[in-house]
Amino acid sequence: MSALAALFRFRPVALTMSAAVSAVALLPVTATPSAASAGTAAAERVLKDEVVLTAGQGGTTKVKETIVYRFAGHRGFERTFPTRSHESLSEDRVYKLTDLRASSPDGGPTQVAASSGGTRTTVKVTGAKNLTGDRTVVLQYDLRGAITQMGASEELRWPVVGGWKVPVDEAKATVDAGAMIRSVNCFTGPIGSMIGCTQYYTNHTHTQGVYAQQGMLPGEYLTVVAGLPAGTTGGRAIYERRHTVATAFSVNAVTGAALAGLLVLLVGGVAVLYLLRGRDARVVGKKAAEGDQAPIAGAEFEPPDGVRPGQIGTLIDEQADVIDVTATIVDLAVRGYLLIEEEDRAVTGRLDWTLRRLDRPQTDLLPYERILLDALLTAPDGTGRDAVKLSELGGTFATKLAQVRSAMYDDVVKQGWFARRPDTVRSRWTVTGILVTVLGIAATVALALTTEWALAGLALIIAGAALAYGGQYMPAKTARGATVLAHTIGFRAFLERGAIPDGDTIASRQRIALFSRFLPYAVIFDTVPKWAETVKDAGERAEGADNLYWYEGPAEWDLSKFAESMRTFTLATSGSISQSRGM
């Protein structure tokens with residue numbers, strides 16, 4: 001077998017006589033400096049690399065490597081050891097080289113430095129000056145991790161020679177186990193190669209394994225294998241967990257605790273929301289019926305608790321929306337502070353409305369209503385005006401709208417419906433959630449790159465996102481606010497039915513007055529078409545009822561067209577004072 005392996009390893013190059021003569025004839029008489037340098041570099045090689053491995057107790061193998069190296073102008077050499085192999089997705093087998101040292105009997109380099117990268121460790125041996133000619137260097141080191149327990153035996157496997165950048169003329173290795181060696185084998189070529197080496201055998205006492213290889217190319221290895229009886233060294237393979245994306249997000253004590261904490265936080269947050277929202281639901285279920293009736297007392301028409309449309313809109317969804325401001329504009333007209341005039345589209349060529357100031361004291365206006373009325377009837381230069389076209393508000397009302405909405409939030413707190421402004425509560429929770437999320441992202445990246453605790457950072461991201469999302473539901477109504485909400489929901493049911501007692505009980509003009517008073521609330525509840533049905537035929541039943549006292553349509557306009565007019569007016573108003581309906 002050894003002779004056959006040697007035959008396959010021998011790679012001669014044959015030349016015919018004529019080719020050889022031609023090659024000699026083509027050789028230059030004098031070599032150029034560059035050619036000489038190339039020849040010098042090509043001459044650098046390992047003439048002989050002989051290694052002795054002594055397996056000891058505890059799995060530490062003493063290695064002594066005697067290298068005869070032909071220098072051609074360099075200060076030293078380097079060779080590479082495969083010291084890490086990927087055994088699985090998350091685990092590596094490692095080989096540890098320690099106590100590296102070098103000596104030389106004939107002036108060779110003796111300074112040793114080792115560096116690891118990836119799966120390789122590179123050992124550099126250098127001297128103080130450039131060298132030429134042959135030098136002997138003795139490299140010694142301790143090797144751990146090369147012993148593998150294999151059932152009733154141990155196996156020593158190590159690429160003793162190789163990883164050179166230059167060719168190796170002759171390689172030899174000896175394994176001294178201090179016990180009978182059961183089997184030997186060796187391979188040459190790249191790591192993992194199954195090509196047998198030139199020669200391998202045990203000595204006559206079977207206590208040493210001998211391995212040899214003639215001619216090795218740069219980068220090739222001579223790997224020796226020796227089977228030993230169980231307990232010879234007691235050594236074991238060394239494994240290390242490899243840091244990868246998979247291991248970075250593994251579940252362990254730290255990440256498990258973080259996930260458990262996240263679960264407690266989420267469950268606690270749901271419990272808090274349930275308590276807060278559950279109270280509202282209980283109050284609404286108990287008191288909603290109280291508001292579900294026609295709120296008529298003589299000639300006065302008032303919604304439950306005397307709540308204004310803008311207040312109802314803010315109370316219901318805890319946000320001062322643009323539609324709440326639009327409904328407030330309609331309410332100001334209904335209450336006699338404004339006159340809404342619909343322009344004749346056939347004349348002007350476009351759909352538009354004029355908001356005209358009416359002479360009425362502002363004593364009963366709430367702060368946010370006064371701010372809104374002043375904002376509508378104040379020109380961009382700060383002067384007052386008696387009228388403004390709806391189309392003129394576009395693009396100039398945004399700053400004033402923010403002031404109105406802020407005053408609406410202040411109002412619901414003043415009414416005692418909220419302990420704190422809903423927008424402030426949402427902002428605090430949202431900002432906190434965003435900060436926690438950003439911190440979680442940074443922590444996840446840092447932990448994933450350096451540890452196996454990345455799930456803890458991921459838990460922080462989820463917690464932050466939950467805070468930011470749950471913060472939208474954190475504004476809590478007081479008991480008083482929940483009661484008003486219940487009455488409001490009952491009032492909405494009344495408007496949605498659009499049913500008003502008919503006949504002698506409520507005359508047509510009284511029907512129109514009732515319709516007008518509750519129309520701003522219908523805008524809030526998005527029930528204008530249904531509510532408009534209550535006065536659709538009032539113009540036929542009451543003389544002079546083709547126009548409302550607060551809304552004037554163009555020629556040939558009557559109350560049958562009011563539902564469509566109000567729908568387009570609310571859309572146009574919301575679009576003029578803001579770019580979107582919800583802020």
Do the non-hydrogen side-chain atoms of [X] and [Y] ever get within less than 4.5 Å of each other?
| X | Y | answer |
| --- | --- | --- |
| T148 | R93 | yes |
| V528 | T570 | no |
| T110 | V125 | no |
| V160 | Y211 | no |
| P422 | V412 | yes |
| L332 | L372 | yes |
| P218 | P167 | yes |
| E318 | F418 | yes |

Quick one: salt bridge (charged side-chain N to carboxylate O under 4.0 Å, His left out) partners of [X], sequence neighbours excluded?
| X | answer |
| --- | --- |
| E240 | R84, K96 |
| K165 | E78 |
| R182 | none |

Let me check something: any side-chain donor-acceptor pairs from residues 137-147 under 3.5 Å, sequence neighbours excluded? List them with distances.
from	atom 1	to	atom 2	distance (Å)
Y141	OH	W158	NE1	3.2
D142	OD1	K62	NZ	3.2
D142	OD2	K62	NZ	3.2

Quick one: closest heavy-atom pair of [X] and [Y], and the distance?
| X | Y | result |
| --- | --- | --- |
| D324 | T328 | O-OG1, 2.8 Å |
| A171 | V161 | CB-CG1, 3.9 Å |
| G433 | L467 | CA-CB, 3.7 Å |
| I323 | I524 | O-CD1, 4.1 Å |
| I191 | P159 | CD1-CB, 4.0 Å |
| V307 | Y521 | O-OH, 2.7 Å |

Rounded to the nearest 0.5 Å, how far apart are [atom1] of [X] and [atom2] of [Y]?
| X | Y | atom1 | atom2 | value |
| --- | --- | --- | --- | --- |
| D526 | E496 | CG | CD | 9.5 Å |
| E564 | F569 | CD | CZ | 14.0 Å |
| D92 | R242 | CG | CZ | 4.5 Å |
| D321 | M408 | CG | CE | 8.5 Å |
| I371 | D374 | CD1 | CG | 8.0 Å |
| S427 | M474 | OG | CE | 13.5 Å |

Aromatic F81 / basic R79 pairing, under 6.0 angstrom, 45° off normal: yes
Under 3.5 Å, side-chain donor or acceptor atoms of residues 255-268 against the rest of the protein: list the pairs with distances, not counting sequence neighbours.
from	atom 1	to	atom 2	distance (Å)
T255	OG1	S250	O	3.2
T255	OG1	N252	N	2.7
T255	OG1	N252	O	3.3
T255	OG1	N252	OD1	3.1

Expected output: side-chain [X] to main-chain [Y] donor-acceptor under 3.5 Å:
| X | Y | answer |
| --- | --- | --- |
| R308 | L365 | no |
| T527 | V523 | no |
| E369 | L366 | yes |
| T444 | G457 | yes |
| T126 | R75 | no |

Flag for Q319-D423: side-chain donor and acceptor within less than 3.5 Å: no
Modelled atom types, side-chain donor and acceptor of S406 and R421, under 3.5 Å: yes
Derivation of the side chain to side chain contact (heavy atoms under 4.5 Å, CB included) call for L100 and V123: CA-CA 9 Å; L100 279 160; V123 175; 4.2 Å; yes
Where at least one partner belongs to residues 435-472, residue pairs that pass ring-ring contact (aromatic ring centres under 6.0 Å, His included), sequence neighbours excluded: Y469-Y473
Inter- and intrachain pairs under salt bridge (Lys or Arg N to Asp or Glu O under 4.0 Å), touching residues 440-468, at least two apart: R241-E452
Any pair counted as salt bridge (Lys or Arg N to Asp or Glu O under 4.0 Å), so long as it reaches residues 457-468, sequence neighbours left out: none
More than 12 heavy atoms from other groups under 6.0 Å of NZ on K400: yes
Candidate pair T326 and S574, rule side chain to side chain donor-acceptor pair (under 3.5 Å), full reasoning: CA-CA 6 Å; T326 300; S574 297; 3.0 Å; yes
Pair E44-Y69, side chain to side chain donor-acceptor pair (under 3.5 Å): steps then yes or no: CA-CA 8 Å; E44 194 161 297; Y69 194 92; 2.9 Å; yes
Derivation of the side chain to side chain contact (heavy atoms under 4.5 Å, CB included) call for Y409 and V413: CA-CA 7 Å; Y409 284 124; V413 174; 6.0 Å; no
Residue pairs involving residues 432-441 (criterion side chain to side chain donor-acceptor pair (under 3.5 Å); sequence neighbours excluded): none
By side-chain hydrogen bond (donor to acceptor under 3.5 Å, both in side chains) - contacts of T430 (at least two apart): Q472
All side-chain hydrogen bond (donor to acceptor under 3.5 Å, both in side chains) counterparts of T378, not counting sequence neighbours: none
W429 and I434: CA distance, side-chain angles, deciding distance, side chain to side chain contact (heavy atoms under 4.5 Å, CB included) verdict: CA-CA 9 Å; W429 282 95; I434 291 174; over 6 Å; no
Step-by-step side chain to side chain donor-acceptor pair (under 3.5 Å) determination, S85 to E87: CA-CA 6 Å; S85 62; E87 295 293 306; 3.1 Å; yes
Run the side-chain donor-acceptor check on residues 221-235: report pairs under 3.5 Å with partners two or more places apart or on a different chain.
from	atom 1	to	atom 2	distance (Å)
Y221	OH	T80	O	3.0
Y221	OH	R120	NH1	3.0
T232	OG1	P229	O	2.5
T233	OG1	E154	OE1	2.8
T233	OG1	G235	N	3.1

Residue pair T314, W417: steps toward the side chain to side chain contact (heavy atoms under 4.5 Å, CB included) verdict: CA-CA 10 Å; T314 307; W417 301 339; over 6 Å; no
